[in-house]
Every structure is written in C-alpha cells, then in structure tokens.
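Each residue takes its place number in the sequence, starting with 1. The analysis underlying the following values was restricted to heavy atoms, covering all of them including side chains, and did not include hydrogens, waters or symmetry mates.
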Amino acid sequence: MLRIAVPNKGSLSGPAAEMLHEAGYQQRRESKELRIVDPVNEVEFFYLRPRDIAIYVASGRLDLGITGRDLLIDSGADAEEILPLGFARSTFRFAAKPGTANGVEDLKGKTVATSYEGIVAGHLEERGIDASVVHLDGAVETAIELGVAEVIADVVETGTSLRNAGLEVFGEPIMKSEAIVIRRTSSDAEDPKVQQFLRRLQGVLVARTYVMMDYDCRVEQLEKAVALTPGLESPTVSPLHNEGWVAVRAMVPAKEAQRIMDDLYAIGARAILTTAIHACRL
C-alpha cells in the first residue's frame, strides 16, 4: 500500500482532509484516529504533527506527505516538493520597530527571533548577513518588547497583530508558503501508485479552478464566441436543430465565468450556463 502522511491538526489539517475526500480517498471520522487504511484505493494514511511529516517522509518510512513548504524547508529534511496544493498560503516577512531596519542588509549584528529558525538562518546565510537567530515557539511579537531580539521573522497575513505590537514589516518577503505534497528526494518519481495519487489531486485542483460553460450562438458569431471560450484544447461545437445555430461547450476559469457570460451575451449567445466540475483528468 501507498503510505501517506497527513497533518493531524492546525490550518493544514482540514483542507488536506477535504481535498483527499474530493479525490476519492477515505478519511478519518474522529480526530483521535492516528492511522486509517483505505483498502479500495490501496492507501494507508498516517495523521502526524505537521512539523514532523517531512522527517518521516525523508526517512523512507512513508512514501508521501502533505505539509507546508515552510515546514519542509525549516526541517532541512531530505525531501522535496512535488505538487503545490493551493491552500494554507502564507508569506514570511521581517518586522521590527520603525527605524530599526529598511532591508535584510541592515540586520548585520542584530538578533532575529522566529519560530522558523531553519528558514531564517538559511535566508540570512544565502545573503551573507551575519546575524543571530533565536528560536521561539508561539507568538514572537513579544520578543522585541522583552529585549530578546531586535527583529522578528514570522508569517504575515494582514499585519494587524504586528501593528498592534508597534512593529512594521520591512524588506522583501523571506518566502511564500502553501500546502504541498512531498516525497523523499531519492524516491522513484515514476512509481505508478504515486503518479495515480498526484493525478487525483491535480484533478481536484482543476475542478476547483474551472467550470464547464455551455451556450448557444449563431454560426456567424462562432469565431468571436470561441475566442472568448477557447477551452483547454478546443471547445466542443455541435449543430442545433434550428439551422444557423450551434451549441458550444468549453471549460473556463471559474473566476472569470461571470465576465465571460456577459461578453458572450453581448455578441448574441443565449442559454448560457455554467456547471461545477467535481473531478477530471487532463
């Protein structure tokens, strides 16, 4: 069986389980379950702390894992990213009291507090910055107030908590993270079971990104309509019973669907509708 690590808690856990369910895999019913077997799909899922997943996968005991890009890099484990999953996105930034620094080059000789020591130390080393990195768990904003560090490095979403602490972000982002699928660096990239698992998740990603659009239009407007809905390879075009009309079907980006419907209506298309895609293979 394919052995896969899944986050057991935190911001990665729920969306990961939801995606796996959409991909047709059985998931645990209770949060206390640490392992379940999906015999139909020949997969065994292990529910682990997100920070530990990269270590387990790198050991070779598990074939794949779902974790955060930040956690993979911070772990330093011998594992690699093979598929971004598009959820749990975050940005890592430096922050300090106003006037402390304008960019990473100003951190020389300073102390940086963070929960992601591996990421920050690597970022500073790559840029030749000689600074101290202090590892803290939990909220790191208080590190500056208590004199533990002059600068912090943390996940920044809206920046509200930093502003409330009297801090401001500076410099370029340290990194952008999201949920990813990882495997051991030396593992077989062509393993059929692994490829099937990835295809299923890719199918979910496409299904979430696109909708199926159907509409009728007159033949003389077909080229304009097809330009609006080119589909992935090409749209499906079928003649209607009424001469001079055709039915068109194509996949379109879900975020642009309303605008495309407006544009189609403007050139004379009618009976325009969209349908959700629940699964696909490209």
Requested in this report: May I ask you to decide if the ring planes of Y25 and F45 are parallel, tilted or perpendicular, using 30° and 60° as cut-offs?
Outcome: perpendicular
Report summary line: C217 and A225 have their tightest heavy-atom pair at SG-CB, 4.1 Å
Report task. Working to the nearest 0.5 Å, report the span between OG of S187 and CD1 of I82. Result -> 7.0 Å
Query - Single-linkage hydrophobic cluster, 4.5 Å side-chain cutoff, I180 and V6 together - result: no
Query - Least distance between heavy atoms, P84 atom then L205 atom - result: O-CD1, 3.6 Å
**Report entry** Six-ring centre of Y265, R270 cation under 6.0 angstrom, axis tolerance 45°
**Finding:** yes
**Report entry** Distance in Å, R89 CZ paired with R69 CZ, rounded so as to fall on 0.5 Å steps
**Finding:** 9.0 Å
Query raised in the report: Counting distance only, does the side-chain N/O of S75 pair as donor-acceptor with the main-chain N or O of L72 below 3.5 Å?
Result: yes
Query - Flag side-chain contact, heavy atom, 4.5 Å: V194 against L2 - result: yes
Query raised in the report: Is there a donor-acceptor pair under 3.5 Å between the side chain of S115 and the backbone N or O of L136?
Result: yes
Report task. Decide if atom CD of E145 counts as having more than 12 heavy atoms of other residues, nucleotides or ligands within a radius under 6.0 Å. Result -> no
Report summary line: All heavy atoms of P235 vs all of P230, minimum pair found to be CD-O, 3.3 Å
Report task. Specify the closest pair of heavy atoms between I182 and E81, including all atoms of both residues, with the distance to one decimal. Result -> CG2-CA, 4.2 Å
**Report entry** Result of checking V169, T111, L167, V120 against I152 for side chain to side chain contact (heavy atoms under 4.5 Å, CB included)
**Finding:** L167
Query raised in the report: Between R51 and Y116, is NZ or CZ placed under 6.0 angstrom from the six-membered ring centre and within 45° of the ring axis?
Result: yes
Query raised in the report: Are side-chain heavy atoms of P253 and T209 found at a separation under 4.5 Å?
Result: no
Query raised in the report: Mind checking whether N41 and F197 have side chains closer than 4.5 Å, heavy atoms only?
Result: no
Query raised in the report: Nearest heavy-atom pair of P7 and S13: which atoms, and what distance?
Result: O-OG, 3.3 Å
Query raised in the report: Is it true that R3 and D63 make a salt bridge, defined as a side-chain N closer than 4.0 Å to a carboxylate O?
Result: no
Query raised in the report: Has the side chain of R200 got a donor or acceptor atom that lies under 3.5 Å from a matching backbone atom of Q196?
Result: no
Requested in this report: Report yes if the side chains of F92 and T114 come closer than 4.5 Å at any heavy-atom pair, otherwise no.
Outcome: no
Query raised in the report: Would a distance-only check, ignoring hydrogens and angles, find a side-chain to backbone donor-acceptor pair under 3.5 Å from E178 to G86?
Result: yes
Query raised in the report: Is it the case that more than 12 heavy atoms not belonging to E172 sit under 6.0 Å from its CD atom?
Result: no
Query raised in the report: Do V112 and I73 share a hydrophobic cluster, counting only Ile, Leu, Val, Met, Phe, Trp and Tyr and linking them when any side-chain heavy atoms are less than 4.5 Å apart?
Result: yes
Query raised in the report: Any side-chain heavy-atom pair from L162 and D154 closer than 4.5 angstrom?
Result: no
**Report entry** Flag side-chain contact, heavy atom, 4.5 Å: T229 against L264
**Finding:** yes
**Report entry** Spatial distance of atom CD1 (I174) from atom CG (D70) [nearest 0.5 Å]
**Finding:** 11.5 Å
**Report entry** Nearest heavy-atom neighbours spanning A143 and A113
**Finding:** CB-CB, 3.6 Å
Query raised in the report: Can L228 be reached from I272 by stepping across I, L, V, M, F, W or Y side chains whose heavy atoms are under 4.5 Å apart?
Result: yes
Report task. Drop me the distance from Y210's OH to L282's CG, to the nearest 0.5 angstrom. Result -> 8.0 Å
Query raised in the report: If only atom types and distance count, is the side chain of D74 paired as donor or acceptor with the main-chain N or O of E117 below 3.5 Å?
Result: yes
Query raised in the report: Looking at side-chain heavy atoms only, is the closest gap between L85 and L83 below 4.5 Å?
Result: yes
Report task. Output the distance between atom CG (D52) and atom CG (L62), rounded to the nearest 0.5 Å. Result -> 11.0 Å
Requested in this report: Starting from the C-alpha separation in whole Å, work towards a yes-or-no answer on side chain to side chain contact (heavy atoms under 4.5 Å, CB included) for I277 and V206.
Outcome: CA-CA 8 Å; I277 301 170; V206 172; 5.7 Å; no
Requested in this report: Applying salt bridge (charged side-chain N to carboxylate O under 4.0 Å, His left out), run through K108 and D130 and close with a yes or a no.
Outcome: CA-CA 5 Å; K108 184 177 180 180; D130 184 14; over 6 Å; no
**Report entry** Within 6.0 Å of CG in N164, more than 12 heavy atoms from elsewhere
**Finding:** yes
Query raised in the report: Do V219 and Y215 belong to the same hydrophobic cluster, where Ile, Leu, Val, Met, Phe, Trp and Tyr are linked whenever their side-chain heavy atoms lie under 4.5 Å apart, directly or via other members?
Result: yes
Query raised in the report: Checking T91 side chain against K176 main chain: does a donor-acceptor pair fall under 3.5 Å?
Result: no
Query raised in the report: So, does Q221 use its side chain to make a donor-acceptor pair with the main chain of R218 at under 3.5 Å?
Result: no
Query raised in the report: Hey, is the main chain of Q26 close enough, under 3.5 Å, to the side chain of D38 for a donor-acceptor pair?
Result: yes
Query raised in the report: Do I144 and V148 sit in the same hydrophobic cluster, where Ile, Leu, Val, Met, Phe, Trp and Tyr count as joined when their side-chain heavy atoms come under 4.5 Å apart?
Result: yes
**Report entry** Backbone of V252 reached by a side-chain donor or acceptor of E256 within 3.5 Å
**Finding:** no
**Report entry** CD/E125: more than 12 non-hydrogen atoms of other groups inside 6.0 Å
**Finding:** no
Query raised in the report: More than 12 heavy atoms of other residues, nucleotides or ligands under 6.0 Å from NZ of K224: is that the case?
Result: no
Report task. Tell me, yes or no, whether the heavy-atom count around R281 atom CZ, taken from other residues, nucleotides or ligands under 6.0 Å, exceeds 12. Result -> yes
Query raised in the report: Once you round to the nearest 0.5 Å, how far does CD1 of I66 lie from CG of L201?
Result: 6.0 Å
Requested in this report: Give a yes or no on this: more than 12 heavy atoms of other residues, nucleotides or ligands lie within 6.0 Å of atom OH of Y56.
Outcome: no
Query raised in the report: Is H135 atom NE2 crowded by more than 12 heavy atoms from other residues, nucleotides or ligands, each under 6.0 Å away?
Result: yes
Query raised in the report: Is R93 reaching over with its side chain to a backbone N or O of G171, donor-acceptor style, under 3.5 angstrom?
Result: yes
**Report entry** 4.5 Å side-chain heavy-atom contact, V151 and F170
**Finding:** yes
